[in-house]
Amino acid sequence: MNEEMAKSLVIYNTLTRKKEVFEPLHPPHVGMYVCGPTVYSDIHLGNCRTFISFDLIYRYLLHLGYRVRYVRNITDAGHLEGDRDEGDDKFAKKARLEQLEPMEIVQKYTLGFHEVMALFNTLPPNIEPTATGHILEQIEMIKKILEAGFAYEVNGSVYFDVEKYSREHDYGRLTNRKPEDLLEGTRELDGQDEKRNRLDFALWIKAKAETLMQWPSPWGWGFPGWHIECSAMSTKYLGTTFDIHGGGMDLQATHHTNEIAQSQACNHTSPAKYWVHTNMLTVNGARMSKSAGNGFLPKELFTGNHPLLDRGYSPMTVRFFMAQSHYRSTLDFSNEALQAAEKGYKKLMESLSALEKIPPSPSSSVNIGELEQRCYAAMNDDFNSPVLIAHLFDAVRIINSAVDKKEILTPEDLAGLKRIMHTFIFDILGLVDETKHLAGSDVIEGLMRLIIEIRQSAREQKDWATSDRIRDALKEAGIEIKDTKEGVEWRM
RNA sequence: GGUACCUUGGCCGAGUGGCUAGGCGUCGGUCUGCAAAACCGUUUACGGCGGUUCGAAUCCGCCAGGUACCUCCA
């Protein structure tokens with residue numbers, strides 16, 4: 001069945017600007033490279049959205065039965081502030097600021113990143129290579145690009161020759177731009193006099209004596225440019241051409257365009273068959289970014305400790321919120337939207353326990369098989385999680401109606417519903433049931449049984465004051481009481 | 001300036017030619033000691049103006065507004 005499903009998966013390819021049927025180069029293997037974070041500061045929620053989006057894609061590919069090698073790098077060197085040679089990169093700057101070693105900065109923010117990814121329940125990639133761990137590979141690649149004639153050395157630095165490359169290849173292909181247009185857009189910046197052409201970009205940058213992070217190379221001591229690490233690492237772990245290359249949309253024009261040029265120049269082939277770009281998270285309509293200073297830290301979001309937030313929201317509320325929009329759409333971040341997501345998420349989770357208490361019937365009033373097909377169809381249509389969620393809410397309605405005895409379900413229906421809910425909610429959407437945290441402990445179960453018993457006897461004596469007091473006090477403590485026909489239920 | 005993209009109901013957000021996504025909210029009802037939850041119903045929209053078409057939120061053109069990229073950013 002999964003094989004059947006896998007055949008109809010379509011993915012939007014930035015390269016062709018079309019949805020294409022997904023046909024891996026070497027099935028059942030799939031190689032996927034996603035540009036990871038630059039770990040010189042805390043990642044904000046916008047970064048998280050990208051990695052959560054790719055987690056959804058990774059999870060779905062796994063569910064379809066593909067053997068995915070998911071590579072997501074850690075950029076821990078080589079990013080300068082702007083396109084100029086001031087000596088130090090972002091890590092060294094931050095290290096001076098925080099009075100730490102550059103590698104302490106890297107360690108600190110890498111750990112923070114992993115912590116946040118775990119809170120959002122994303123699966124770790126299979127390989128998480130670092131730029132500093134692959135200096136040799138980057139140097140080798142630069143050497144090949146030089147040999148191929150698409151780069152030149154000036155005074156200990158190496159630059160990619162975009163003009164020459166453009167004569168043979170379509171440099172602006174990924175973003176549909178002509179070299180003339182690109183040139184038009186570039187600004188005159190300082191420290192560019194070494195470059196032959198304004199569009200050229202650095203592959204290797206000569207270090208100054210005081211540069212904290214530098215490595216020896218055929219061109220002297222220096223550090224790699226901004227784009228070569230991803231080309232070197234993706235080639236090393238996935239080969240010269242692999243299936244999916246992903247990242248945020250902001251990387252499309254520069255980083256990914258240059259990656260393609262580097263791979264073409266070095267390996268004579270485009271690195272990836274499908275280019276997948278995730279859209280930005282916005283706040284009040286403007287892109288959330290480090291430079292704009294409008295980024296939310298995950299911690300601020302969870303605690304509610306931020307001027308724009310009324311209160312905190314749990315990681316799963318946020319993950320659900322993100323899954324409710326398509327990965328290629330911008331998603332606007334607001335209290336109202338988060339509150340709506342929180343309720344929706346809760347409703348979805350509660351339906352799971354409701355599902356457990358539906359009595360089976362000999363006949364059926366619903367079509368579960370069709371529902372399941374629609375769920376797969378949604379995911380197969382370029383990972384359309386919002387449509388999937390709409391179908392899951394159809395399932396929720398069926399479940400709740402069945403509890404209310406307005407729909408009847410056969411044992412097969414019930415098994416099908418359970419399979420749908422567990423597969424899509426947990427395996428694919430990557431949600432976890434946060435509401436189950438403390439329940440399950442024997443002590444709490446025992447206490448709750450006692451409290452509910454006391455409340456029941458108060459109710460039998462029509463002692464509403466006591467009954468309501470218990471209900472209200474429990475609510476204060478974060479426990480919700482539900483009086484149903486079948487008895488009293490409670491939930492953290 | 002160049003290149004793309006976007007504009008959907010009170011809010012969020014799918015949908016790319018006919019079959020009124022979905023969530024949250026609102027209001028009404030059922031249930032309940034009262035609530036909550038749940039269920040049923042309600043609210044039914046596609047920036048403006050033209051065009052193509054039997055038929056357009058969906059295609060084309062123009063206009064208005066917005067965003068992103070072209071410097072590091074997921």
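All values derive from a computational prediction rather than experimental measurement. Residue numbering restarts at 1 for every chain, and letters A, B, ... go by the order of the sequence lines. Computed from heavy atoms alone, side chains included, the values below leave out hydrogens, waters and symmetry copies.
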Please check if the distance between the ring centroids of [X] and [Y] is under 6.0 Å.
X      : Y      : answer
A:Y109 : A:Y40  : no
A:Y33  : A:Y70  : no
A:Y376 : A:F424 : yes

Does [X] place a side-chain N or O at less than 4.0 Å from the phosphate oxygens OP1/OP2 of [N]?
X      : N     : value
A:T254 : B:C70 : yes
A:R328 : B:C6  : no
A:S329 : B:A14 : yes
A:N400 : B:C39 : yes
A:N279 : B:C5  : no
A:T38  : B:A74 : yes

Residues in salt bridge (Lys or Arg N to Asp or Glu O under 4.0 Å) with A:E98, at least two apart?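 Result, salt bridge (Lys or Arg N to Asp or Glu O under 4.0 Å) vs A:E98: A:K94, A:K108.
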The criterion is salt bridge (Lys or Arg N to Asp or Glu O under 4.0 Å); which residues satisfy it with A:E336, sequence neighbours excluded?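 With sequence neighbours excluded, A:E336 shows a salt bridge (Lys or Arg N to Asp or Glu O under 4.0 Å) to no residue whatsoever.
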Please figure out whether A:Q252 or A:P37 has its closest RNA chain B nucleotide nearer the 5' end.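 Closest to the 5' end, via its nearest nucleotide, is A:Q252.
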Map A:Y327 and A:D404 onto RNA chain B by nearest heavy atom, then report which one ends up closer to the 5' terminus.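 That would be A:Y327.
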[atom1]-based separation of [M] from [N] [nearest Å]:
N     : M     : atom1 : result
B:A64 : B:G50 : C1'   : 15 Å
B:G17 : B:A4  : C1'   : 25 Å
B:G28 : B:G18 : P     : 37 Å
B:G41 : B:C62 : P     : 45 Å
B:G29 : B:U67 : P     : 44 Å
B:G10 : B:C5  : C1'   : 27 Å
B:U42 : B:G22 : P     : 12 Å
B:U44 : B:C11 : P     : 14 Å

Which parts of nucleotides 19-30 of chain B does protein reach within less than 4.0 Å, heavy atoms only, written one letter per nucleotide 5' to 3' as B for base, S for sugar-phosphate only and - for none? --BSBSS-----
Let me know the distance between [atom1] of [X] and [atom2] of [N], rounded to the nearest Å.
X      : N     : atom1 : atom2 : result
A:R198 : B:U71 : CZ    : P     : 10 Å
A:D468 : B:A35 : CG    : C1'   : 8 Å
A:L281 : B:U67 : CG    : C1'   : 14 Å
A:D332 : B:C12 : CG    : C1'   : 9 Å
A:Y33  : B:A74 : OH    : P     : 13 Å
A:L331 : B:C6  : CG    : P     : 16 Å
A:F321 : B:A14 : CZ    : C1'   : 15 Å
A:H256 : B:U3  : NE2   : C1'   : 18 Å

Between [Y] and [X], is the closest basic N to carboxylate O distance under 4.0 Å?
X      : Y      : result
A:E370 : A:R374 : yes
A:R455 : A:D483 : yes
A:E407 : A:R397 : yes
A:R196 : A:D200 : no

base_contact_polar (B:A36 base, A:R471 side chain, donor-acceptor, <3.5 Å):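 Flag unset: no donor-acceptor pair detected.
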Looking at the base of B:A35, is there any donor atom on it, or on the side chain of A:D483, that sits under 3.5 Å from an acceptor on the other one?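 Checked by distance alone, the answer is yes.
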Given B:A68, B:A14, B:C73, which nucleotide is nearest the side-chain atoms of A:N384?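 Given the options B:A68, B:A14, B:C73, the side chain of A:N384 is closest to B:A14.
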Please work out if [X] contacts a base, only the sugar-phosphate, or nothing of the nucleic acid, heavy-atom cut-off 4.0 Å.
X      : answer
A:M249 : nothing
A:G46  : base
A:G172 : nothing
A:H44  : base
A:S289 : base

Counting heavy atoms not belonging to A:K475, are there more than 12 under 6.0 Å from its NZ?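 No, not enclosed.
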Distance-only donor-acceptor check, side chains A:T330 and A:R49, under 3.5 Å: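 Checked: A:T330/A:R49 side chains show no N/O donor-acceptor pair below 3.5 Å.
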Will you find, in the side chains of A:N73 and A:E229, an N or O donor that is under 3.5 Å from an N or O acceptor?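 A pair is found: one side chain offers a donor N or O, the other an acceptor, under 3.5 Å apart.
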Picking from A:F160, A:Y171, A:Y165, what satisfies side chain to side chain contact (heavy atoms under 4.5 Å, CB included) with A:N258?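 Among A:F160, A:Y171, A:Y165, the one meeting side chain to side chain contact (heavy atoms under 4.5 Å, CB included) with A:N258 is A:Y171.
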What pairs of nitrogen or oxygen atoms, one from the protein and one from nucleotides 43-46 of chain B, lie under 3.5 Å apart?
none

With stacking defined as ring centroids separated by under 5.5 Å and planes differing by under 30°, is A:W464 stacked against B:G33?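 Yes, A:W464 stacks on the base of B:G33, since the ring centres sit under 5.5 Å apart and the planes are within 30°.
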Positive for ring-ring contact (aromatic ring centres under 6.0 Å, His included) with A:F296, one of A:F333, A:Y313, A:F302: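 Only one option passes, and that is A:F333.
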My validator wants the stems of RNA chain B: runs of 3 or more consecutive Watson-Crick or G-U pairs, both distances under 3.5 Å, written as range with range.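 So the stems come out as B:1-7 with B:64-70, B:10-12 with B:22-24, B:27-30 with B:38-41, B:47-51 with B:59-63.
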Residue list, side-chain contact (heavy atoms from CB on, under 4.5 Å) with A:D382, at least two apart or on another chain: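 Expected list: A:I11, A:Y12, A:K19, A:H326, A:Y327, A:R328.
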